[in-house]
Amino acid sequence: MQNSPDDSSLRYVQADLNNVDHQHAVLAMVEAYSRDPMGDGAPLAAETRERLIPGLREHPTTLIFLAYDAATPIGVAVCFLGFSTFAAKPLINLHDVAIVPTHRGRGIGRGLLAAVEAKGRELGCCKLTLEVLDKNDRALRTYVAAGFERYALQPGAGEAIFMTKSLM
């Protein structure tokens, strides 16, 4: 656990998905993110809520961090371990990062990013990756301040573009 330097009631923990309290916190934070305009803008479907924790528990590379204000969950970073073929080392992809609206602007995102970075260094990862909406100015500022930058493999080759193809 790590405390924020500017608020001793804040703490960051790596979630244990065998811990029922952590399960509830992860589900609550992902639900809050889903409802946010920068998330899906709608609540999670009932079947998604039902499958989320079992699916995360079964996925072998799941790595989740929670932010708490005292005993109240206020943020989440849902990550997955990956592998860089060019570095031949593991990496961590931050799949979902969310802070509840009441606690934004207090450095919670920076604290979660620092916790993920520390774990990445502990695991010998070569990098952290994430995707962010280009209109999510607050998140973009946080990521840039934490050292993230747009990805270009080689100068002149252009920046990476995140793409998706639904299989549902």
Side-chain angles (χ1 to χ4, degrees), residues 1-17 22 25-41 56 61-164:
M1 287 188 263
Q2 169 183 339
N3 285 339
S4 171
D6 51 337
D7 190 337
S8 62
S9 68
L10 299 178
R11 62 188 174 97
Y12 304 92
V13 300
Q14 183 175 338
D16 173 359
L17 291 178
H22 287 186
V26 169
L27 188 56
M29 293 299 93
V30 173
E31 175 71 31
Y33 178 42
S34 182
R35 291 173 180 268
D36 194 271
M38 291 297 158
D40 202 25
L56 289 169
T61 69
T62 299
L63 184 63
I64 300 175
F65 291 85
L66 291 163
Y68 286 90
D69 185 351
T72 304
I74 56 169
V76 67
V78 178
C79 309
F80 299 97
L81 291 171
F83 192 80
S84 169
T85 53
F86 289 174
K89 290 186 172 195
L91 61 86
I92 295 176
N93 176 259
L94 291 97
H95 184 72
D96 297 319
V97 179
I99 311 303
V100 295
T102 56
H103 284 71
R104 291 181 184 156
R106 292 180 47 192
I108 312 302
R110 286 190 312 270
L112 276 171
L113 293 174
V116 174
E117 181 175 339
K119 184 66 174 184
R121 291 184 186 285
E122 175 188 321
L123 296 174
C125 293
C126 63
K127 63 183 171 181
L128 306 178
T129 64
L130 58 80
E131 63 195 64
V132 61
L133 296 174
D134 63 356
K135 303 262 190 259
N136 192 341
D137 296 326
R138 182 183 294 240
L140 277 165
R141 284 191 305 272
T142 299
Y143 298 143
V144 168
F148 286 83
E149 56 190 22
R150 293 179 184 262
Y151 175 72
L153 189 57
Q154 294 185 37
E159 294 179 350
I161 298 170
F162 178 78
M163 299 176 75
T164 185

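Numbering of residues begins at 1 and proceeds along the displayed sequence.
- Within the model, atoms CG of Leu10 and CZ of Arg106 stand 5.0 Å from one another, a figure rounded to the nearest 0.5 Å.
- Side-chain contact between Tyr143 and Leu130 is present, with heavy atoms from C-beta onward closer than 4.5 Å.
- Leu94 has its side chain within reach of Leu113: a pair of non-hydrogen atoms, C-beta onward, lies under 4.5 Å apart.
- The heavy-atom pair separating Leu91 from Ser84 by the smallest distance is CD2-N, 3.7 Å.
- To the nearest 0.5 Å, atom CG of residue Asp40 and atom CZ of residue Arg35 are 11.0 Å apart.
- The distance from atom OG1 of Thr129 to atom CD1 of Ile92, rounded to the nearest 0.5 Å, is 9.0 Å.
- The distance from the CG atom of Leu81 to the NZ atom of Lys119 is 8.5 Å, given to the nearest 0.5 Å.
- Here the closest non-hydrogen pair linking Cys126 and Ala87 is SG-CB, 3.8 Å.
- Heavy-atom minimum distance, Ala15 versus Val26: CB-CG2, 4.3 Å.
- Residue Glu149 qualifies as open at atom CD: its count of foreign heavy atoms under 6.0 Å is 12 or below.
- In this structure, Phe80 and Thr62 have side chains that are in contact, with non-hydrogen atoms separated by less than 4.5 Å.
- Atoms CE and CG, from Met38 and Asp137 in turn, are 7.5 Å apart once rounded to the nearest 0.5 Å.
- Closest approach of Ala70 and Arg11 over heavy atoms only: O-NE, 3.4 Å.
- Counting heavy atoms from C-beta on, the side chains of Leu63 and Val116 never come closer than 4.5 Å.
- Of all heavy-atom pairs between Tyr12 and Ala115, the closest is CB-CB, 4.3 Å.
- The structure places CG of Asn93 at 15.5 Å from CZ of Phe83, a figure rounded to the nearest 0.5 Å.
- Closest of all the heavy-atom pairs between Ala25 and Tyr68 is CB-OH, 3.6 Å.
- The side-chain heavy atoms of Val13 and His22, taken from C-beta on, include a pair separated by under 4.5 Å.
- In this structure, Tyr33 and Val97 have side chains that are not in contact, with every pair of non-hydrogen atoms separated by 4.5 Å or more.
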Please evaluate residues Leu140 and Phe148 with respect to the criterion side chain to side chain contact (heavy atoms under 4.5 Å, CB included), reporting the C-alpha separation (whole Å), side-chain torsions for both, the decisive distance (0.1 Å), and the verdict. CA-CA 9 Å; Leu140 277 165; Phe148 286 83; over 6 Å; no
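- Residues satisfying the side-chain hydrogen bond (donor to acceptor under 3.5 Å, both in side chains) test with Arg138, not counting sequence neighbours, are none.
- Shown here are the side chain to side chain contact (heavy atoms under 4.5 Å, CB included) partners of Pro101, two or more places apart in sequence or in another chain: Asp36, Arg104.
- Between Leu112 and Ile99 there is a side-chain heavy-atom pair separated by less than 4.5 Å.
- Put simply, the side chain of Thr102 does not reach to within 4.5 Å of the side chain of Asp69, judged on heavy atoms.
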